[in-house]
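Because the structure is predicted, anything quoted here is derived from the model rather than measured. Chain naming here is simple, since letters A, B, ... match the order of the sequence lines and numbering starts at 1 in each.
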Amino acid sequence: MPELPEVEIVKQSLKSAIKYKKLSKVIVKNRNLRFKIPINFERSLKNKVILNISRISKYIIIEFKSNLYCVFHLGMSGTIHLVKKKFDKITNLSFYQYKQVPKKHNHLKFVFPNFNIIYNDPRRFGFFKLFRNYKDLNLYFKKIGPEPFSKEFNSNYLFKKIQNKKKNIKNILLDQSIIAGLGNIYVNEILFYSKINPKKEGSQISKNEIKKIIKYSNIVLKLAIEYGGSSIRDFQNTEGVNGSFQKEFKIYGRKGETCSRNNCKGIITKFFQTNRSTFMCEICQK
DNA sequence: CCGTTAACCTGAGAGC
DNA sequence: TGCTCTCAGGTTAACG
């Protein structure tokens, strides 16, 4: 489900809900996520105070008091639900458009005095990990590249990373060690804005095109965050509000439609690059 | 080192 | 209604 903007929205929602709160306990109903949830997970987090919630790439980090970090990833289908316990009734939830928490695939429950946070994940590609010090936490993210908004993600950096690559630019931008947080939707969108053919190999990308990639990575992602993320199927924030950036897609999911660029009469095509769908306008993406 | 492929899972929707 | 097939916002181990 989530790319950088959606994970950012989840992080913000979660932060306003649980920062400085004391977690009463965790109940794990199914340990078999992408990685098995460690046996000491519940014991380690019981009665721990949350100091902060942050995001690196598509990972969310919950920092607990006394050097304890819970890192989780939503995979393709992971969602977080805030369920208030007032009068024994559910008064709020998130993500799913139903007015109740999904019945199946609720794998973890974080219990707080007045509400629960539920992790739901049908495909179980998501996971939870624990780190007991800052050094180990950093080590885990060592291979993750710079965030698109960072100063480090500049023309010189990207040129160095792609100048010798035979791989196509679309797959290069999906590589989390080169740039953190992009996924299939936003890579499609960024390449459309940059007028670059997704099949073009890294070494053939010009300096000017590199500048465009950097510029539009920033513009597209910032806009998507402002719109509350993209809700293709079921994404909502923790207040139960849909994102609306899917309405702004210029290329993703628009096979057969006419290119939206002024004076371009191109028809949008769809094909696959390493099993992921790519959408492009053959006329203006060179 | 590089690039590609398969694998991990369930559910929604299309087509018959 | 029901069966089969394809596709889905991600990551990574294994291979040549």
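For A/Arg34, taking side-chain heavy atoms from C-beta onward, the closest of the listed nucleotides B/dT5, C/dG9, B/dC8 is B/dC8. Taking only side-chain atoms of A/Thr274, from C-beta outward, the nucleotide of B/dG3, B/dT5, C/dG10 with the closest atom is B/dT5.
The pairing partner recorded for B/dC9 is none, the criterion being a Watson-Crick or G-U wobble arrangement whose two distances lie under 3.5 angstrom. Across the strands present, C/dG9 finds no partner; the criterion is a Watson-Crick or G-U wobble pair with both atom distances under 3.5 angstrom.
Other residues, nucleotides and ligands contribute only 12 or fewer heavy atoms inside 6.0 Å of the NZ atom of A/Lys211. More than 12 heavy atoms of other residues, nucleotides or ligands lie within 6.0 Å of CZ in A/Phe271, so this atom counts as buried by the packing criterion. Atom CZ of A/Phe127 sits in a crowded spot, with more than 12 heavy atoms from other residues, nucleotides or ligands closer than 6.0 Å. Atom NZ of A/Lys19 sits in a crowded spot, with more than 12 heavy atoms from other residues, nucleotides or ligands closer than 6.0 Å.
At the phosphate of C/dG9, OP1 or OP2 sits under 4.0 Å from a side-chain N or O atom of A/Tyr252. Taking only side-chain nitrogens and oxygens, A/His73 comes nearer than 4.0 Å to OP1 or OP2 of C/dT11. Within the 4.0 Å cut-off from OP1 or OP2 of B/dC2, not a single side-chain nitrogen or oxygen of A/Lys161 is found. The side chain of A/Lys167 places no N or O atom within less than 4.0 Å of a non-bridging phosphate oxygen (OP1 or OP2) of B/dC2. Distances shown here put every side-chain N or O of A/Gln176 at or beyond 4.0 Å from the OP1 or OP2 atom of C/dG10.
As judged by a 4.0 angstrom heavy-atom cut-off over every strand, A/Phe272 is placed among residues touching the sugar-phosphate backbone only. Using a 4.0 Å heavy-atom criterion, one finds that A/Lys143 contacts no nucleic acid atom at all.
Qualifying side chain to side chain contact (heavy atoms under 4.5 Å, CB included) partners for A/Phe125, counting only residues two or more places apart in sequence or in other chains: A/Met76, A/Arg123.
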Write down the protein N/O and nucleotide N/O pairs, taken from nucleotides 9-11 of chain B, whose separation is under 3.5 Å; answer none if there are no such pairs.
unit_1, atom_1, unit_2, atom_2, d
B/dC9, O3', A/Arg124, NH2, 3.0
B/dC9, O2, A/Arg123, NE, 2.7
B/dC9, N3, A/Arg123, NH2, 3.2
B/dT10, OP1, A/Arg124, NH2, 3.1
B/dT10, O4', A/Pro122, O, 3.4
B/dT10, O3', A/His105, NE2, 3.0
B/dG11, OP1, A/Lys104, NZ, 3.0
B/dG11, OP1, A/His105, NE2, 2.6

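Nucleotides B/dG3 and C/dG9 place their C1' atoms 24 Å apart, quoted to the nearest Å. For B/dC9 and C/dA14, the P atoms lie 15 Å apart once the distance is rounded to whole Å.
Comparing A/Lys165 and A/Asn275 along DNA chain B, the residue whose closest nucleotide (by nearest heavy atom) sits nearer the 5' end is A/Lys165.
Cation-pi check for A/Lys255 over A/Phe279 is not met; the charged atom does not lie both under 6.0 angstrom from the ring centroid and within 45 degrees of its normal.
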Stepwise ring pair (Phe, Tyr, Trp, His ring centres under 6.0 Å) check, A/Phe131 with A/Tyr140: CA-CA 9 Å; A/Phe131 295 94; A/Tyr140 184 72; 5.2 Å; yes
